[in-house]
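Only a predicted model underlies this, so the values are computations on that prediction, with no experimental measurement involved. All ligand and atom numbering here is 1-based and tracks the order in the structure.
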Amino acid sequence: MTQLSSSGNELIQMSEGAVILKGFLLKHEQELLRNLERITDLSAFRHMVTPGGYRMSVAMTNCGPRGWVTDERGYRYSETDPETGHAWPEMPALYSQLARQAAAVAGYHDFCSDACLINRYIPGARLSLHQDKDEKNFTHPIVSFSLGLPATFDFGGRTRSAPVTPYLLEHGDVVVWGGPSRMFYHGIRTLKKGHHERMGSQRINLTFRRAH
Ligand code: MD3
Ligand code: FE
């Protein structure tokens, strides 16, 4: 179903508790990217390794009080960047404010994120079907920002074998997941080659969570 949200953006209802806000970030593109550069100067994108020993094709970094990490010991949230030994870069006020506003448009008021995972996809990179379950409290929604090349997002169900529905996520889109859809399986299909006038040949996804 598609309608207009209170913020004036096109709103696509994927399922109960899950919506796409088309173009929500477009007004803030410049400032979002200026902040991203500051973050990646302090904590660079890196390819983490899964507990099973696979190097992820998606490069990652984080900002905010906590960051999601994976290595041979497992998946977890860490207050420090294992590469630098320092705290993750501060979460920009613009980021937490936009995530909070987007959550409110979707009906989740007072969303306070303490973790922002930043994913970088280049053509060929993908994120296989998974659930997000490393957070303490699943009643908080998740908010994600898409920038750069478009990607096909597969939205599944409660089980790995549930059918998936594909959605195109484009530069400026925000997705909010909460309620029943919070634990649904999801993934990003292999990024296709392309050029984005502002972002070049990459897709950046910022995912805001309440980890603790
Ligand atoms: C759907 N990231 O970082 S958006 C992830 O575009 C992740 O990089 C994808 O999946 C990306 O874990 C997809 C984020 C997302 C996060 C949580 C979800 C989508 C979700 C929870 C339920 C359903
Ligand atoms: Fe995920």
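V19 and V175 fall into different hydrophobic clusters, where Ile, Leu, Val, Met, Phe, Trp and Tyr residues are linked whenever their side-chain heavy atoms come under 4.5 Å apart, directly or through other members.
Distances from ligand 1 to the non-hydrogen atoms of M183 include no value under 4.0 Å. Under the 4.0 angstrom criterion for non-hydrogen atoms, Q131 is not in contact with ligand 1. Remark: distances from the non-hydrogen atoms of L127 to ligand 1 include one below 4.0 Å.
Under 4.0 Å from ligand 1, the heavy atoms of L117 that appear belong solely to its side chain. Looking at S146 against ligand 1, nothing comes within 4.0 Å, counting heavy atoms. Contacts between M60 and ligand 1, counted as non-hydrogen atom pairs separated by less than 4.0 Å, are absent for every part of the residue. If you look at W68 next to ligand 1, there are no close heavy atoms at all, none under 4.0 Å. Neither the backbone nor the side chain of K133 comes within 4.0 Å of ligand 1, counting heavy atoms alone.
Here the angle centred on the Fe ion (ligand 2), running from NE2 of H186 over to NE2 of H130, is 90°, rounded to 10°.
With hydrogens and angles disregarded, a donor-acceptor distance shorter than 3.5 Å links the side chain of H130 to the backbone of H186. Panel note: side chain S57, backbone R126; a donor-acceptor pair is recorded below 3.5 Å. Although no hydrogens or angles enter the test, the distance criterion places no donor-acceptor pair under 3.5 Å between the side chain of N137 and the main chain of R210. Judged by distance alone, the side chain of T80 and the main-chain N or O of H86 form no donor-acceptor pair under 3.5 Å. Proximity of a side-chain donor or acceptor of Y108 to a complementary backbone N or O of G17 within less than 3.5 Å is detected.
Between W177 and F155, the two ring planes are tilted [angle within 30° to 60°]. Using cut-offs of 30° and 60° for the angle between ring planes, the F145 and Y95 rings count as perpendicular.
Within the listing of ligand 1, atoms 6 (O), 9 (C), 11 (C) sit less than 4.0 angstrom from a heavy atom of I188. Close contacts between ligand 1 and R209 involve ligand atoms 3 (O), 5 (C), 12 (O) [criterion: under 4.0 Å to a heavy atom]. Listed by number with element, the atoms of ligand 1 under 4.0 Å from a non-hydrogen atom of I142 are 16 (C), 17 (C). For ligand 1, the atoms sitting less than 4.0 Å from at least one non-hydrogen atom of F184 are 22 (C), 23 (C), numbered in the order shown with element in parentheses. Near S181, meaning under 4.0 Å from any of its heavy atoms, are these atoms of ligand 1: 22 (C), 23 (C). When each atom of ligand 1 is checked for a heavy atom of Y121 under 4.0 Å away, the hits are 6 (O), 8 (O), 9 (C), 11 (C). Near R182, meaning under 4.0 Å from one of its heavy atoms, ligand 1 places the atoms 21 (C), 22 (C).
Inclusion of R203 in the set of residues having an N or O under 3.5 Å from an N or O of ligand 1 is warranted. Residue D132 has at least one N or O atom closer than 3.5 Å to an N or O atom of ligand 1. At least one N or O atom of N119, backbone or side chain, sits closer than 3.5 Å to an N or O atom of ligand 1.
Of the protein's heavy atoms, F153 CE1, 3.8 Å lies nearest to atom 13 (C) of ligand 1. When hydrogens are left out, the protein atom nearest atom 4 (S) of ligand 1 is S144 OG, 3.4 Å; that is the closest non-hydrogen contact. Of the protein's non-hydrogen atoms, W177 CZ3, 3.3 Å is the one closest to atom 15 (C) of ligand 1. Regarding atom 18 (C) of ligand 1, its nearest protein heavy-atom neighbour is H186 CE1, 3.3 Å.
With values rounded to the nearest 0.5 angstrom, L206 atom CG is found 10.5 Å from L98 atom CG.
Atom OD1 is the N, O or S atom of D132 at the shortest distance from the Fe ion (ligand 2).
Heavy-atom contacts from other residues, nucleotides or ligands closer than 6.0 Å to CD of Q3 number more than 12.
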Problem set entry | Stepwise side-chain contact (heavy atoms from CB on, under 4.5 Å) test for F45 and I204 | CA-CA 11 Å; F45 283 113; I204 302 282; 3.8 Å; yes

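A salt bridge is absent between D134 and R66: the closest approach of a Lys/Arg side-chain nitrogen to an acidic carboxylate oxygen does not fall below 4.0 angstrom.
Both the sub-6.0 Å distance and the 45° axial angle are not jointly satisfied by R182 relative to the ring of F138.
By the 4.5 Å heavy-atom criterion applied to side chains, V69 and M60 are not counted as neighbours.
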